[in-house]
Amino acid sequence: MIEIRFHGRGGQGAVTASRIIAIAAYEEGQYSQAIPMYGTERRGAPLTAFVRIDDQRVRERELVHNPDISVVLDPLIAKQQAVVDNLKAGGLVLLNTQDEPEDVKLGGDFKVATVDATTIALETLGRPITNTAILGAFAKVTGLIKVESIEKALKKTFPGRLGEMNIAAVKRSYEEVKGPVQATVKEAPEVKADIHVGGYGVLKDVSSWRVFTPEIDEDKCIGCKNCWIFCPETAIEWNEETKKPSIRYNACKGCGVCANECPVNAIEMVRVEA
Ligand code: SF4
Ligand code: SF4
């Protein structure tokens, strides 16, 4: 049996990715199981999902405790979740990052592969939803499932043009994935958060949830307060003296609501480099 653990954030589609892998495996005549595990159910919150694949009926029903493969959909989530915790010796971690696999600061007896799924998702889907953009890479580096089976599963899940866009993302990640190589550092850095717990309840700093960071251009700002009113995280503070907003970046999850509500485009969402 092969066991897989997905790490992602609400809105990135880790649960959908796990289902698509399970459907693709089923299409190939294997037995499969997908299990979602939500923490706080909100966009940006860390979550995990699991898949089991076997050539015999899968009778286990508990969460996956010792995965063979860890798939990481978010470039910054490794700061909050122990993404290689309990990975089997000789296992594999596939990361969404712009880094080369040799430069990834994770250590242990496992292999590392990387793909820039965020850029692929932005350029093929127009949104940083990285789930399908990592599945082509998964097919290539694991050899567990044919990329054609993933495409078939995607067509069932997303009929029409959306399916075609997702298949384009899969094809690109299949071509662009790097590795796997042996992990290069001996000891993985300690991660304080529990692997199965949503980050917000544990860490009040949500800055690592961001794919994009808001930056305010004070010269353009007309002081309308829209951003301050609409921010769902109360991450924007209002300065009564200057009549301008400022952002508490540790409370900002990068949702972009403030930029969307600004009537004069004074807030730019700038991509975070991992
Ligand atoms: S992106 Fe803007 S609206 Fe969203 S949490 Fe950050 S400051 Fe608030
Ligand atoms: S919404 Fe735009 S113009 Fe209004 S206060 Fe915020 S930054 Fe300034």
Side-chain angles (χ1 to χ4, degrees), residues 6-17 38-48 72-81 83 95-98 116-134 169 191-194 197-274:
F6 283 83
H7 296 269
R9 298 184 184 282
Q12 288 177 331
V15 173
T16 305
Y38 298 99
T40 44
E41 276 197 63
R42 63 198 273 242
R43 183 167 288 271
L47 60 84
T48 40
V72 184
L73 295 177
D74 185 276
L76 296 176
I77 207 161
K79 288 185 175 178
Q80 247 176 310
Q81 287 193 331
V83 297
L95 292 148
N96 168 21
T97 174
Q98 293 176 313
D116 183 3
T118 302
T119 294
I120 293 172
L122 287 170
E123 291 179 3
T124 54
L125 305 170
R127 301 172 69 186
I129 301 175
T130 51
N131 59 349
T132 53
I134 212 160
V191 179
K192 297 232 172 348
D194 187 291
V197 179
Y200 191 69
V202 182
L203 305 170
K204 297 300 180 195
D205 183 341
V206 296
S207 55
S208 67
W209 295 21
R210 291 195 297 263
V211 178
F212 291 92
T213 293
E215 290 184 2
I216 298 173
D217 182 340
E218 286 206 359
D219 294 335
K220 279 190 186 172
C221 172
I222 56 171
C224 72
K225 279 192 173 178
N226 270 11
C227 55
W228 178 75
I229 292 166
F230 282 99
C231 173
E233 303 296 327
T234 59
I236 297 186
E237 292 180 322
W238 190 254
N239 186 323
E240 273 305 333
E241 282 177 22
T242 62
K243 305 289 181 204
K244 301 276 178 179
S246 63
I247 296 170
R248 286 189 299 119
Y249 280 107
N250 64 348
C252 167
K253 66 179 182 180
C255 65
V257 168
C258 53
N260 200 48
E261 296 298 333
C262 178
V264 291
N265 296 325
I267 303 178
E268 187 184 357
M269 299 301 292
V270 180
R271 184 168 167 189
V272 176
E273 296 302 326

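Given the structure is predicted, the values throughout are model-derived calculations rather than measurements. Order of appearance sets the numbers: ligands from 1, and atoms from 1 within every ligand.
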Protein heavy-atom partner closest to [atom] - residue, atom, separation in Å:
atom                    : answer
atom 2 (Fe) of ligand 2 : Cys262 SG, 2.3 Å
atom 4 (Fe) of ligand 2 : Cys224 SG, 2.3 Å
atom 3 (S) of ligand 2  : Ile222 N, 3.4 Å
atom 7 (S) of ligand 1  : Ile236 CG1, 3.6 Å
atom 8 (Fe) of ligand 2 : Cys221 SG, 2.3 Å

* Heteroatom test (N, O or S) for Cys231 near atom 8 (Fe) of ligand 1, limit 2.8 Å -> yes
Which ligand 1 atoms, with their elements, are less than 4.0 angstrom from a heavy-atom of [X]?
X      : answer
Lys253 : 5 (S)
Cys252 : 1 (S), 5 (S), 6 (Fe), 7 (S)
Pro232 : 3 (S)
Gly254 : 1 (S), 6 (Fe)

* Would Asn239 and Ser246 count as a side-chain contact (heavy atoms from CB on, under 4.5 Å) if you check the C-alpha gap in whole Å, the side-chain angles of each, and the deciding distance to 0.1 Å? -> CA-CA 8 Å; Asn239 186 323; Ser246 63; 5.9 Å; no
Please report the shortest heavy-atom distance between [X] and [Y], naming the atom on each side.
X      : Y      : result
Tyr249 : Pro214 : OH-O, 2.6 Å
Gln98  : Thr119 : NE2-OG1, 3.9 Å
Thr234 : Arg248 : O-NH2, 2.7 Å

* Asked: Stepwise, does the side-chain contact (heavy atoms from CB on, under 4.5 Å) test hold for Asn96 with Asp74?
  -> CA-CA 6 Å; Asn96 168 21; Asp74 185 276; 5.7 Å; no
* Asked: Taking both backbone and side chain into account, is any N, O or S atom of Cys227 nearer than 2.8 Å to atom 6 (Fe) of ligand 2?
  -> yes
* So is Ala251 in contact with ligand 1, going by heavy-atom distances below 4.0 Å? -> no
* Would you call Lys225 and Glu240 a salt bridge, using N to O less than 4.0 angstrom? -> yes
* Under-4.0 Å salt bridge between Asp116 and Arg271 -> yes
* At the 4.0 Å heavy-atom cut-off, does Lys225 count as touching ligand 2? -> yes
* Asked: Using heavy atoms and a threshold below 4.0 Å, how should the contact between Ile267 and ligand 1 be classified: side chain, backbone, both, or neither?
  -> neither
* ligand 1-proximal atoms of Cys255, by part, heavy-atom distance under 4.0 Å -> both
* Assess whether side-chain contact (heavy atoms from CB on, under 4.5 Å) is satisfied between Thr118 and Leu122, documenting all intermediate values. => CA-CA 6 Å; Thr118 302; Leu122 287 170; 4.1 Å; yes
* Give the intermediate values and the outcome of side-chain contact (heavy atoms from CB on, under 4.5 Å) for residues Val211 and Thr130. => CA-CA 11 Å; Val211 178; Thr130 51; over 6 Å; no
* To do: Select one of side chain, backbone, both or neither to describe which atoms of Val264 lie under 4.0 Å from any atom of ligand 2, heavy atoms only.
  => side chain
* Say whether, by atom type as modelled, one donor and one acceptor occur between the side chain of Lys253 and the main chain of Arg210 under 3.5 angstrom. => no
